Trainee: 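Got a structure for you, questions after.
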Number of protein chains: 2
Amino acid sequence: MNIGQASRASGISAKMIRYYEAIGLIPKATRSYSGYRHYDERDIHVLLFINRARAAGFSIAHIKKLLLLWQDRRRPAREVKQLATSHLKELREKISELQSIAETLSQLIGHCRGDDRPDCPILDTLSDKDATQEFAETSKPNRLHSSVRQSSSKQCVKTK
Amino acid sequence: MNIGQASRASGISAKMIRYYEAIGLIPKATRSYSGYRHYDERDIHVLLFINRARAAGFSIAHIKKLLLLWQDRRRPAREVKQLATSHLKELREKISELQSIAETLSQLIGHCRGDDRPDCPILDTLSDKDATQEFAETSKPNRLHSSVRQSSSKQCVKTK
DNA sequence: GTTAAACCTTCCAATAATTGGAAGGTCAAG
DNA sequence: CTTGACCTTCCAATTATTGGAAGGTTTAAC
């Protein structure tokens with residue numbers, strides 16, 4: 001199986017498979033005489049594992065740990081659970097952060113008539129000299145450009 | 001006011017103020033004889049606007065538009081409302097994506113005893129050859145590294 | 001037997017927003 | 001005049017992913 005087939009079989013782009021190899025997430029693939037990478041069933045299994053873990057929102061760093069645990073037959077389930085739990089906590093924090101932003105924004109939108117006239121409570125609030133309560137810079141630099149970039153790539157988890 | 005004071009007054013790091021200038025989000029600051037950037041009240045007002053818009057989750061690209069609208073006395077509130085509404089929609093989508101991930105993960109965690117023994121439903125599910133229902137790679141590469149470093153964010157998942 | 005398509009390879013760049021650091025100039029107080 | 005706290009520019013790293021260029025390989029068709 002060459003990289004294109006592995007890509008199709010795992011759902012991970014060839015680019016990313018090479019990248020995962022480069023950063024040491026997966027071992028170096030064996031090569032054909034002419035240098036083509038070559039994958040077998042077990043490799044695909046690993047790639048599928050990675051893909052699902054990514055879909056579950058784990059970072060590459062976390063997946064690295066999960067892979068080690070996965071390959072260690074004697075690992076205590078406790079360690080995996082801890083990793084997953086701390087990840088879940090982060091997820092929940094992020095969710096509530098986004099929710100509070102969404103609520104604020106939703107309120108502002110609700111107060112804006114949104115017609116042809118120029119007065120707009122949204123801009124007013126953003127530019128209000130004393131509006132700092134509204135947008136509590138949650139102590140930390142925020143980050144969360146919702147971009148959803150080209151909306152294209154994105155992945156998923158289908159929860160039944 | 002030099003850049004350090006502007007930074008303190010606006011809550012935006014000096015680094016970012018320079019960056020915003022470099023990418024054209026804000027106009028080039030006037031300079032002192034020796035090259036120091038120099039800011040006045042109106043500049044601070046703009047920086048505060050930007051900081052609040054960031055806190056509201058708007059991307060730089062969106063903020064660029066908001067600034068133009070803000071500075072246009074005759075803009076129709078409709079345009080602002082549209083921008084905000086589409087942003088809110090993205091926020092809500094992201095939130096529900098994260099929620100579905102969190103739910104799946106939470107279930108897995110709930111089934112894991114997390115003791116010293118090695119059997120772990122979390123890893124089992126991630127590595128299950130037929131687990132694709134749980135973590136459906138809905139055709140697109142995923143993205144969503146939870147780091148949450150200092151409250152970062154970025155993630156996605158599409159649940160359908 | 002050559003050619004063209006469809007692969008593969010590596011390397012370099014860009015994305016988004018932010019931070020870090022190095023190397024060096026400036027300003028105020030001591 | 002020195003020290004420390006500023007400021008300047010430039011370059012790099014972060015995270016995960018994509019894009020493209022330049023070039024080699026394989027396969028199938030002609």
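These numbers were taken from a predicted model, which means no experiment stands behind them.
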Trainee: With heavy atoms under 4.0 Å as the rule, sort A:Arg37 into base, sugar-phosphate or nothing.
Mentor: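 Sugar-phosphate only.
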
Trainee: B:Met16 CE to C:dT18 P: how many Å, rounded?
Mentor: 4 Å

Trainee: Below 3.5 Å between N/O atoms, which protein atoms pair up with nucleotides 1-6 of chain D? Just atom names and distances, please.
Mentor:
residue: D:dC6; atom: O2; partner: B:Tyr36; partner atom: OH; Å: 3.2

Trainee: Without decimals, in angstroms, what is the distance between A:Asn51 CG and D:dA16 P?
Mentor: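 So the CG-P distance, A:Asn51 to D:dA16, works out to 14 Å.
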
Trainee: Which part of the nucleic acid does B:Tyr33 contact within heavy-atom distance under 4.0 Å: base, sugar-phosphate only, or nothing?
Mentor: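 Nothing: the residue B:Tyr33, judged by heavy atoms under 4.0 Å, touches no strand.
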
Trainee: Given atom NE2 of A:His38 and atom C1' of C:dT9, what is their separation to the nearest angstrom?
Mentor: 16 Å

Trainee: Do NZ/NE/NH1/NH2 and the carboxylate oxygens of B:Asp119 and B:Arg113 come within less than 4.0 Å?
Mentor: yes

Trainee: Take the protein atom CD1 of B:Ile60 and the nucleotide atom P of C:dA14, then report the distance between them rounded to whole Å.
Mentor: 19 Å

Trainee: May I ask you to evaluate whether A:Arg31 reaches the phosphate of D:dT25, defined as a side-chain N or O under 4.0 Å from OP1 or OP2?
Mentor: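 For A:Arg31, the contact criterion (side-chain N or O under 4.0 Å from OP1 or OP2 of D:dT25) is not met.
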
Trainee: Give the nucleotide from the list C:dA17, D:dA16, D:dT9 with an atom nearest to the side chain of B:Tyr19.
Mentor: C:dA17

Trainee: Under 4.5 Å between side-chain heavy atoms, hopping through other hydrophobics if needed: is there a path connecting A:Leu88 to A:Leu69?
Mentor: yes

Trainee: Measure from CE on A:Met1 to P on C:dC7 and round the result to the nearest Å.
Mentor: 14 Å

Trainee: What integer distance in Å separates B:Ile17:CD1 from D:dT8:C1'?
Mentor: 14 Å

Trainee: CZ of A:Arg8 to CE of A:Met1: how many Å apart, nearest 0.5 Å?
Mentor: 9.0 Å

Trainee: Check this one for me: any side-chain N or O of A:Ser34 less than 4.0 Å away from OP1 or OP2 of D:dT26?
Mentor: yes

Trainee: In plain terms, say whether B:Glu79 and B:Lys65 are close enough for a salt bridge, that is, a side-chain N and a carboxylate O under 4.0 Å apart.
Mentor: no

Trainee: Evaluate the side-chain proximity of A:Gln71 to A:Val46: yes if any heavy-atom separation is below 4.5 Å, no if none is.
Mentor: yes

Trainee: With a 4.0 Å cutoff (strictly under), does any side-chain N or O of A:Ser59 reach OP1 or OP2 of D:dT15?
Mentor: no

Trainee: Which heavy atom of B:Ala53 sits nearest a heavy atom of B:Leu66, and at what distance?
Mentor: CB-CD1, 4.5 Å

Trainee: For B:Ser13, report the nucleic acid contact type (base, sugar-phosphate, nothing); a contact means any heavy atom under 4.0 Å.
Mentor: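 The residue B:Ser13 makes sugar-phosphate contact but no base contact.
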
Trainee: To the nearest angstrom, how far is A:Tyr39 atom OH from C:dT9 atom C1'?
Mentor: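 So the OH-C1' distance, A:Tyr39 to C:dT9, works out to 12 Å.
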
Trainee: Among B:Ile122, B:Leu123, B:Leu126, which residue satisfies the side-chain contact (heavy atoms from CB on, under 4.5 Å) criterion with A:Trp70?
Mentor: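 Going through B:Ile122, B:Leu123, B:Leu126 one by one, the side-chain contact (heavy atoms from CB on, under 4.5 Å) with A:Trp70 is satisfied by B:Leu123 alone.
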
Trainee: Tell me whether the side-chain N/O atoms of B:Arg54 come closer than 4.0 Å to OP1 or OP2 in C:dT18.
Mentor: yes

Trainee: Report the distance from atom CG of A:Asp116 to atom CZ of B:Arg78, rounding to the nearest 0.5 Å.
Mentor: 4.5 Å

Trainee: Please give, in whole Å, the distance from C:dC11 C1' to A:Glu21 CD?
Mentor: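 Atom-to-atom, A:Glu21 to C:dC11, this comes out as 15 Å.
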
Trainee: I want to check something: taking the side chain as every heavy atom from C-beta on, are A:Ile3 and A:Arg18 in contact at a cut-off of under 4.5 Å?
Mentor: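 Result yes, sub-4.5 Å side-chain heavy-atom pair found.
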
Trainee: Could you go through nucleotides 19-21 of chain D and list every protein N or O atom that sits under 3.5 Å from one of its N or O atoms, giving the distance for each pair?
Mentor:
residue: D:dG19; atom: N7; partner: A:Lys15; partner atom: NZ; Å: 2.9
residue: D:dG19; atom: O6; partner: A:Lys15; partner atom: NZ; Å: 2.9
residue: D:dG20; atom: N7; partner: A:Lys15; partner atom: NZ; Å: 3.4
residue: D:dG20; atom: O6; partner: A:Lys15; partner atom: NZ; Å: 2.3

Trainee: Near A:Arg31 CZ, under 6.0 Å, is it more than 12 heavy atoms from other residues, nucleotides or ligands?
Mentor: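 Yes, because the 6.0 Å sphere around CZ of A:Arg31 holds more than 12 heavy atoms from other groups.
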
